[in-house]
2 protein chains.
Amino acid sequence: MYVLDDINRDLLDLLQTDGRMSFKELGDRIGLTAPAVAERVRKLEDAGVIKGYRAVVDYEALGFPILSIVRVKAPIAGRAVDEKIAALPNVIEANRVTGSDSHVIRARLRTTRDIEDLLADVWEDGETITNLVTSSPVPRRPMNLKATNAGRAS
Amino acid sequence: MYVLDDINRDLLDLLQTDGRMSFKELGDRIGLTAPAVAERVRKLEDAGVIKGYRAVVDYEALGFPILSIVRVKAPIAGRAVDEKIAALPNVIEANRVTGSDSHVIRARLRTTRDIEDLLADVWEDGETITNLVTSSPVPRRPMNLKATNAGRAS
DNA sequence: TCTGAAATGTGTCGGGG
DNA sequence: CCCCGACACATTTCAGA
């Protein structure tokens, strides 16, 4: 497990909030110079702790107002099923899970009609249960590493 | 609905893949100069299409190997419940949904013991069903806007 | 809405503590 | 592991089309 000191923990919290913050500004906030920050960030990237940077896009504004959660009970949950799911561009996440279902899939859709198309694709693999998200009390957010005492040696 | 031209669609796909890409490099890839890119990106931000930028952090590497999905059936699903869930730092997303459950919660946890603590907190609000993610055929990913023909006037 | 050029700000690399 | 100074590079602004 990768152990963080307090500076790296704060760096990660800042970069999770604003992934485009400059090294200089990061340094100003935590009391380091830009080169020192750059080196720490580079090491976090090399270690795989920072996996990348992403712009967060509002899919609703782009015409995908429906967020659906589909649970699948696939009798034979093999690689073929996984790959078929991954090939669907509307799918933004898919997990294999414990319990009576085999997969949990999340997809962004344009219309209710698209739900049928999505289900038709996974239908062949097993029974499905679909929930539509009506609101998000906690929209997808980063963990607050400071609040969770992340990175402390256990 | 916000209508994208092809350039903005490609810009968003690039920024979803690498949120720290410089305006100059973005411009080189799509055939514009840096100032033109900067202006387009600024407008997308102002319009709320780009909601922000985030570093993607590997929580497993930081000691949170468990991703849990908890479905809650809360008889009275009011604001108080939402706020209690939102206050838990391990919760990375919570949705209200249609169907027999009221909420779907995702949380990152350190140990199986933490599952008990999490459930104890939401337990008071209703019955729970918990699934543990064993693998992710599709890890959380951005939508490919080009593949989905996003932003086209319908 | 874009380009091109000038000014400003930031990233990067060396040397040194 | 950090700071400082110097250079290279990116961003911003603005005039012009």
Side-chain angles (χ1 to χ4, degrees), chain A residues 1-58 61-63 142 145-146 149-154, chain B residues 1-58 61-63 142 145-146 149-154:
Chain A
M1 167 178 146
Y2 195 93
V3 178
L4 299 174
D5 61 13
D6 287 2
I7 293 177
N8 278 351
R9 192 213 336 98
D10 291 348
L11 270 179
L12 288 175
D13 276 335
L14 287 168
L15 283 171
Q16 285 189 119
T17 303
D18 180 2
R20 272 183 93 84
M21 198 178 288
S22 70
F23 294 147
K24 182 184 184 307
E25 185 170 356
L26 289 167
D28 289 346
R29 301 213 186 184
I30 62 179
L32 287 179
T33 58
V37 171
E39 170 129 359
R40 279 173 174 268
V41 171
R42 190 187 55 73
K43 283 181 184 169
L44 289 168
E45 290 168 353
D46 290 350
V49 174
I50 295 176
K51 293 193 279 191
Y53 302 87
R54 297 219 189 117
V56 180
V57 169
D58 185 343
L62 296 183
L145 300 177
K146 189 167 190 178
N149 263 304
R152 289 297 168 73
S154 52
Chain B
M1 169 178 145
Y2 195 94
V3 177
L4 299 174
D5 61 13
D6 287 3
I7 294 177
N8 279 351
R9 197 222 321 106
D10 291 347
L11 270 179
L12 288 175
D13 277 335
L14 287 168
L15 284 171
Q16 285 190 120
T17 303
D18 180 2
R20 274 183 92 83
M21 198 177 289
S22 72
F23 295 143
K24 182 183 185 310
E25 186 169 356
L26 289 166
D28 289 346
R29 302 215 187 183
I30 63 179
L32 287 180
T33 58
V37 172
E39 169 100 358
R40 279 173 173 269
V41 171
R42 190 188 56 73
K43 284 182 183 169
L44 289 167
E45 291 168 352
D46 291 349
V49 174
I50 296 176
K51 294 193 277 190
Y53 303 87
R54 296 218 188 118
V56 180
V57 169
D58 184 343
L62 297 183
L145 299 178
K146 188 166 191 177
N149 263 304
R152 290 296 168 74
S154 52

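Everything numeric here is computed off the predicted structure, so don't read it as measured data. In what follows, chains are A, B, ... by sequence order, proteins preceding strands, each numbered from 1.
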I'd like to know whether B:Lys24 forms a salt bridge (charged side-chain N to carboxylate O under 4.0 Å, His left out) with B:Asp28, so could you lay out the CA-CA distance, the side-chain angles of the two residues, the decisive distance to 0.1 Å, and finally the verdict. CA-CA 6 Å; B:Lys24 182 183 185 310; B:Asp28 289 346; 3.3 Å; yes
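- Contacts between chain A and DNA chain C, taken as any atom within less than 4.0 angstrom of a protein heavy atom, begin and end at C:dT10 to C:dC13.
- Atom-to-atom distance recorded for A:Ile30:CD1 and A:Leu11:CG is 3.5 Å, nearest 0.5 angstrom.
- B:Glu39 places its CD atom 12 Å from the P atom of D:dC14, with the value rounded to the nearest Å.
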Give DNA chain D the dot-bracket treatment, 5' to 3': Watson-Crick (N1-N3 with N6-O4 or O6-N4) or G-U (N1-O2, O6-N3) under 3.5 Å, [ ] crossing, | other strand. ||||||.||||||||||
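- Salt-bridge check for B:Arg42 with B:Glu45: failed, with every basic side-chain N at 4.0 Å or more from each acidic carboxylate O.
- Both cation-pi conditions hold for A:Arg20 and B:Phe23: the charged atom is under 6.0 angstrom from the six-membered ring centre and inside a 45 degree cone around its axis.
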Determine, stepwise, if the pair A:Val49 / A:Asn8 fulfils side-chain contact (heavy atoms from CB on, under 4.5 Å). CA-CA 10 Å; A:Val49 174; A:Asn8 278 351; over 6 Å; no
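- Remark: B:Leu4 CG to B:Leu44 CG distance equals 7.0 Å, nearest 0.5 Å.
- Atom-to-atom, NZ of A:Lys24 to P of D:dC9 comes out at 21 Å; the value is rounded to the nearest Å.
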Working for side-chain contact (heavy atoms from CB on, under 4.5 Å), residues A:Gln16 and A:Leu145: CA-CA 10 Å; A:Gln16 285 189 119; A:Leu145 300 177; 3.9 Å; yes
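- For the pair A:Asp5 CG and D:dC2 P, the computed distance is 8 Å after rounding to whole Å.
- Nucleotide D:dA10 holds its C1' atom 10 Å from the CZ atom of B:Phe23, rounded to whole Å.
- In this structure, the separation between CE on B:Met1 and CG on A:Leu62 is 7.0 Å, given to the nearest 0.5 Å.
- Remark on DNA chain D: of its neighbouring residues A:Ala34 and A:Arg20, the 5'-side contact belongs to A:Ala34, judged by nearest-heavy-atom nucleotide.
- Counting to the nearest Å, the C1' atom of D:dT11 and the CZ atom of B:Arg42 are 14 Å from each other.
- Between the CG atom of A:Leu12 and the CG atom of B:Asp58 there is a distance of 11.0 Å, given to the nearest 0.5 Å.
- The stretch residues 45-57 of chain A has no heavy atom under 4.0 angstrom from DNA chain D at all.
- Listed nucleotides: D:dT12, D:dA10, D:dC2. Nearest to the side chain of B:Ala38: D:dT12.
- A salt bridge is defined here as a Lys NZ or Arg NE, NH1 or NH2 lying under 4.0 Å from an Asp or Glu carboxylate O, and A:Asp6 with A:Arg9 meets this definition.
- A salt bridge does not link B:Arg40 with B:Asp10: every distance from a Lys NZ or Arg NE/NH1/NH2 to an Asp or Glu carboxylate oxygen is 4.0 Å or more.
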